[in-house]
Amino acid sequence: MNSEPFHLPKPWVIAHRGDSGEYPENTMASFRNALEIGADWIELDIIHSSDSKIVVIHDDTLDRTTDKKGEVKLLPYGSIAQADAGSWKDPKFKGEKIPTLWEVWDLVKSKNIGLNVEIKSGAYEEIPIETPIEQELIDYTKKNSLFHKTLFSSFCWDSLVRLRELSIEARLGILIGDETSSWMDALELGFRLNAFSLNLSAKGLDKETVSKIQNEGFKVLVYTLNSEEELKFGIDLGVDGIFTNYPSRMRSLLT
Ligand code: G3P
Ligand code: MG
């Protein structure tokens, strides 16, 4: 069996923000544990700091997941790196930092796990960014020969267009919000960009829609299913992968 991430048996167990049910989301502790428990993929979110470092955090601000406040894109990496990103989850995680994307890559690139990099800030930000994030991502992936284990995704479709302009090799997942856009629009973009997957909310999704998308040649990845009941629902839909904060729970349902 080919054990490269894109060839793993479906549905993939995708550790959403790492093993984020048990560990502080988007931290090295969370990613290390996702590796430990045998997730197929890790998903993380990235944003540019004010000095163009790619940091791993979900929200626009530090407020919810650290002991500091402020908008990430307006702060230099030096201040972001001082934030405690662990204590909000549990005091035992005090001292966990907001990692850079490169630190996470260093942890996972030699391991048998895929990385889904979700871009939260794109090429067409309101404030000009000297180095567009997409160019950096493609340069790094190419230099380190990591296309075979990387899926880029974004709700910002302009960002996906830019990635495709920069690389024909990059695998792209088109993220679709609950209400913002329909899977049919995404399908159209999927053909145009030769995308790998449509990444949808599981809310309101049915087997018929999943099959339709798959029959058009795209994988279907769904977010974010956590309880045993939700995970069973997702598995039963016949999707190709499930984003979950409880990857070990999903793994035990599959074995
Ligand atoms: O990529 C799947 C999921 O992470 C998208 O939503 O808000 O959790 O980044 P969000
Ligand atoms: Mg995400």
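Atoms within a ligand are numbered from 1 in the order they appear, just like the ligands themselves. Side-chain atoms are counted along with the backbone in the values below, which use heavy atoms only and exclude waters and symmetry mates.
Judged purely by distance below 3.5 Å, without hydrogens or angles, the side chains of Glu25 and Asn245 never pair a donor atom with an acceptor atom. With no hydrogens or angles considered, no side-chain donor-acceptor pair links Asp59 and Thr61 at under 3.5 Å. Using modelled atom types, one finds no donor on one side chain facing an acceptor on the other under 3.5 Å when comparing Ser79 with Gln82.
The side-chain heavy atoms of Trp41 and Phe6, taken from C-beta on, include a pair separated by under 4.5 Å. When side chains are defined from C-beta on, Thr65 does not count as touching Ile98, because their heavy atoms never get closer than 4.5 Å. Using a 4.5 Å heavy-atom cutoff, the side chains of Arg164 and Val161 are not in contact.
Ordered by chain and number, Glu43 OE2, Asp45 OD1, Glu118 OE1 make up the set of protein N, O or S atoms under 2.8 Å of the Mg ion (ligand 2).
Taking Ile, Leu, Val, Met, Phe, Trp and Tyr as members and joining any whose side-chain heavy atoms lie under 4.5 Å apart, directly or through other members, the hydrophobic cluster of Phe93 also contains Tyr23.
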I'd like a table of donor-acceptor pairs (distance under 3.5 Å, sequence neighbours excluded) in which one partner is a side-chain atom from residues 188-196, with atom names and distances.
none

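Taking every heavy atom of both residues into account, Leu75 and Ser49 meet most closely at O-CB, 3.4 Å.
Within 4.0 Å of ligand 1, the residues that place a heavy atom are His16, Arg17, Glu43, Asp45, His58, Glu118, Lys120, Phe155, Leu175, Tyr223, Phe243, listed by chain and number.
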